[in-house]
Amino acid sequence: MFELAERLRKLPPYLFAELDEMKAKKESEGVNVIDFGVGDPDLPTPKHVVEAMKKAVEKVENQKYPSYAGKYEFREAVSNFYRRRKGVEVEPDSVIALIGSKEGIAHLPLAFVESGDYVIYTEPGYPVYHSSAIMAGGIPYELPLKEENGFLPDLDSIPDEVARKAKIMFLNYPNNPTTAVAEMDFIKEAVDFCIDNKIILAHDAAYSEIGFDYRPRSFLEYENAFECVIEFGSLSKTYNMTGWRIAYALGNEDAVKGLLKVKTNVDSGVFNAVQEAGMAALNGSDDVIEENNAIYRERRDRLVDGLKELGFKVEKPKATFYVWLRVDMPSMEFAKQLLDKAGVLVTPGVGFGKSGEGYVRFALTRDVAVIDEALRRMEGVDIV
């Protein structure tokens, strides 16, 4: 009866909704599915954060409308976190609170992109980069991430016309789904490219604290970055707070103000009590981060070593809580057969973009006993 707008008709089905349907069908057949699909931490939110939330909910002042930009104390906590963890000085006035980084990423193009403008993004990648460009009326331009280039984009391959008409470039390191990391030489190259072409560099830093023998870099560590970079940070993966919907954006003043103007027109800010819980996380001991990383490291080692024993060629990632595995067949077909024959669900790489074809992603969000069981199920399974 009612027809969707053209912008929505252009969007492909959301990958994780399809995976949920596949999983539900298998479970309806009585199979106990081991799910390595969505990157939702199984670890609990730290106790001191939960306790801070309990107290904050009871405060009458927190039961009213919050500030659009976020509580000053929350923005100050982000500022202090960046100084402590990244060595970057960011004034609280250059920080805004978000209802999860997905919200901020999706809204940014609405502030700066008009019909005919390009939005450059890397693929395989988080589907929201592509969909946000379409929702804003822009033209998505994909930059493939290839294994032979360390899953870094070739900026020299961007046509001059696209660079001239681009308003935003989305980058994401440590990278989901490839697990690749960006060193300072690439960060400088990307920032300088965006400065030269007057492009906002939107850096999705959702996995900024998950590293193994490696310290993930903030793009704001480069001295010229504030000329063009807006960085999106999230408490979801760092503090196991995916359901709390609390994140932040910071960096270039114009980009932050533009995003804030969109938000003042479409939402009413983050619940103050959630912001106080976020402050407890950001201001708390970094031991929480290191403890999480130790758990993910053990899981990474167990899964990668087990996959190698099964005959797969796979390297241990330096960062993120994913394993990006090359397979010798279409990724969706591999995922379907693995689910059907072993009851193990993984994410097909093609769901992140055409350059993800031939790979699948495992999320390290299951404990080692479950990983061992998944490997046991996969042993001897013939996938053809």
Might you confirm whether atom CG of Asp196 has over 12 heavy atoms from other residues, nucleotides or ligands at distances under 6.0 Å? yes

Considering non-hydrogen atoms only, spot the tightest contact between Phe271 and Pro66 and give its length. N-CG, 4.4 Å

Identify the heavy atoms of Lys86 and Pro216 that sit nearest to each other, and give their distance. NZ-O, 3.1 Å

Would Ser218 and Glu231 count as having a side-chain donor-acceptor pair, cut-off 3.5 Å? yes

With a 6.0 Å cut-off on the ring centroids, do Tyr322 and Tyr207 count as close? yes

With under 30° as parallel and over 60° as perpendicular, where do the rings of Tyr129 and Phe170 fit, or are they tilted in between? parallel

For Glu6, is the CD atom crowded, meaning more than 12 foreign heavy atoms sit under 6.0 Å from it? no

Is it true that Lys55 and Glu276 make a salt bridge, defined as a side-chain N closer than 4.0 Å to a carboxylate O? no

Tell me whether Glu379 is salt-bridged to Arg376, with the criterion being a basic N under 4.0 Å from an acidic carboxylate O. no

Salt bridge between Asp117 and Lys167, side-chain N to carboxylate O under 4.0 Å? yes

Apply side-chain contact (heavy atoms from CB on, under 4.5 Å) to the pair Arg245 and Val274, showing each step before the final yes or no. CA-CA 8 Å; Arg245 310 317 301 142; Val274 173; over 6 Å; no

Residue pair Glu21, Lys25: steps toward the salt bridge (Lys or Arg N to Asp or Glu O under 4.0 Å) verdict: CA-CA 6 Å; Glu21 291 179 11; Lys25 182 177 183 298; over 6 Å; no

Given 3.5 Å as the limit, does a donor-acceptor pair link the side chain of Asn265 with the main chain of Lys261, or not? yes

Verdict with supporting geometry, Asp305 and Lys316, salt bridge (Lys or Arg N to Asp or Glu O under 4.0 Å): CA-CA 9 Å; Asp305 290 345; Lys316 290 182 178 178; 3.5 Å; yes

Quick check for you: to the nearest 0.5 Å, what is the distance between Asp367 atom CG and Glu373 atom CD? 11.5 Å

Drop me the distance from Leu282's CG to Glu73's CD, to the nearest 0.5 angstrom. 13.0 Å

Would you check if the side chain of Ser79 reaches a backbone N or O of Val90 as a donor-acceptor pair within less than 3.5 Å? yes

Salt bridge flag under 4.0 Å for residues Arg299 and Asp42: yes

Could you tell me if Arg300 sits above the aromatic ring of Phe212, with its cationic atom closer than 6.0 Å to the ring centre and no more than 45 degrees from the axis? yes

Is it the case that one hydrophobic cluster holds both Met135 and Ile139, taking links as side-chain heavy atoms less than 4.5 Å apart, direct or via other members? no

With a 4.5 Å limit on heavy-atom distance, are the side chains of Leu8 and Ile134 in contact? no

For Asp192 and Tyr222, test the side chains for any donor-to-acceptor distance below 3.5 angstrom and give the result as yes or no. yes

Is it true that a side-chain atom of Glu209 and a backbone atom of Thr238 form a donor plus acceptor pair closer than 3.5 Å? no

Which atom of Lys102 lies closest to which atom of Val128, heavy atoms considered: CE-CG2, 3.7 Å

Apply salt bridge (Lys or Arg N to Asp or Glu O under 4.0 Å) to the pair Glu51 and Lys54, showing each step before the final yes or no. CA-CA 5 Å; Glu51 291 301 318; Lys54 290 179 181 178; 3.2 Å; yes

Starting at CD1 of Ile34, measure out to CZ of Arg377 and round the result to the nearest 0.5 Å. 3.5 Å

To the nearest 0.5 Å, atom OH of Tyr118 lies from atom CD1 of Ile168 at 15.5 Å

Between Thr242 and Asp40, is the side-chain hydrogen bond (donor to acceptor under 3.5 Å, both in side chains) condition met? List the steps. CA-CA 7 Å; Thr242 52; Asp40 192 356; 2.7 Å; yes

Under a single-linkage definition using a 4.5 Å side-chain heavy-atom cutoff for Ile, Leu, Val, Met, Phe, Trp and Tyr, are Phe74 and Val57 assigned to the same hydrophobic cluster? yes

How are the rings of Phe312 and Phe334 set relative to one another: parallel (under 30°), tilted (30 to 60°) or perpendicular (over 60°)? perpendicular

Measure the OG-CZ distance between Ser208 and Arg217 for me, rounded to the nearest 0.5 Å. 13.0 Å

Quick one: does Asn149's side chain have a donor or acceptor within less than 3.5 Å of a partner on Phe151's backbone? no

Quick check: does any side chain N or O of Asn172 sit under 3.5 Å from a backbone N or O of Pro174, one acting as donor and the other as acceptor? yes

Val346 backbone acceptor or donor facing Arg361 side chain under 3.5 Å: no

Classify the side-chain pair Tyr359/Glu147 by whether it contains a donor and acceptor separated by less than 3.5 Å. yes

State whether Arg297 and Asp213 are salt-bridged, where the test is any N-O pair (Lys NZ or Arg NE/NH1/NH2 against Asp/Glu carboxylate O) under 4.0 Å. yes

Between Lys354 and Glu123, is there a side-chain N and carboxylate O pair less than 4.0 Å apart? no

On the 0 to 90° scale, with breaks at 30° and 60°, tag the Phe219-His203 ring pair as parallel, tilted or perpendicular. parallel

Quick check for you: to the nearest 0.5 Å, what is the distance between Arg9 atom CZ and Leu11 atom CG? 11.0 Å

I'd like to know whether CZ of Arg215 has more than 12 heavy-atom contacts from other residues, nucleotides or ligands below 6.0 angstrom. yes

Kindly determine whether Tyr121 and Tyr126 satisfy ring-ring contact (aromatic ring centres under 6.0 Å, His included), including the steps that lead there. CA-CA 9 Å; Tyr121 69 101; Tyr126 191 36; over 10 Å; no

Cluster overlap Leu145 with Leu155, hydrophobic side-chain contacts below 4.5 Å: yes

Salt bridge or not for Glu103 and Lys263, using N-O below 4.0 Å? yes

Check against side-chain contact (heavy atoms from CB on, under 4.5 Å), Leu375 and Leu310: CA-CA 8 Å; Leu375 291 167; Leu310 293 174; 4.0 Å; yes

Test your reading of the model: is there a side-chain donor-acceptor pair from Ser101 to the backbone of Ser234, 3.5 Å cut-off? no

Quick check on Glu61: does its CD atom have over 12 non-hydrogen neighbours (other residues, nucleotides or ligands) under 6.0 Å away? yes

Does the salt bridge (Lys or Arg N to Asp or Glu O under 4.0 Å) test come out yes or no for Glu91 and Arg75, once each step is laid out? CA-CA 8 Å; Glu91 292 299 321; Arg75 292 181 283 126; over 6 Å; no

More than 12 foreign heavy atoms under 6.0 Å from NZ of Lys257: is that the case here? no

Count I, L, V, M, F, W, Y as connected when their side-chain heavy atoms are under 4.5 Å apart, and connections chain through other members. Are Phe362 and Val181 then in the same cluster? no

Of the non-hydrogen atoms in Gly349 and Pro124, which two are nearest, and what is the gap between them? O-CB, 4.4 Å

Is there a path from Phe226 to Val78 through hydrophobic residues (I, L, V, M, F, W, Y) whose side chains come within less than 4.5 Å of each other? yes

Residues Glu29, Lys26: salt bridge by 4.0 Å N-O rule: yes

Go through it in stages, so that I can follow the logic: the residues are Leu307 and Met378, the test is side-chain contact (heavy atoms from CB on, under 4.5 Å), and I'd like the CA-CA distance, side-chain angles, deciding distance and then a yes or no. CA-CA 9 Å; Leu307 289 171; Met378 292 172 65; 3.9 Å; yes

To check you understand the geometry: which heavy-atom pair defines the closest contact between Ile187 and Ala182, and what is its length? CD1-O, 4.0 Å

Distance-minimising heavy-atom pair for Pro41 and Phe321: CG-CE2, 3.9 Å

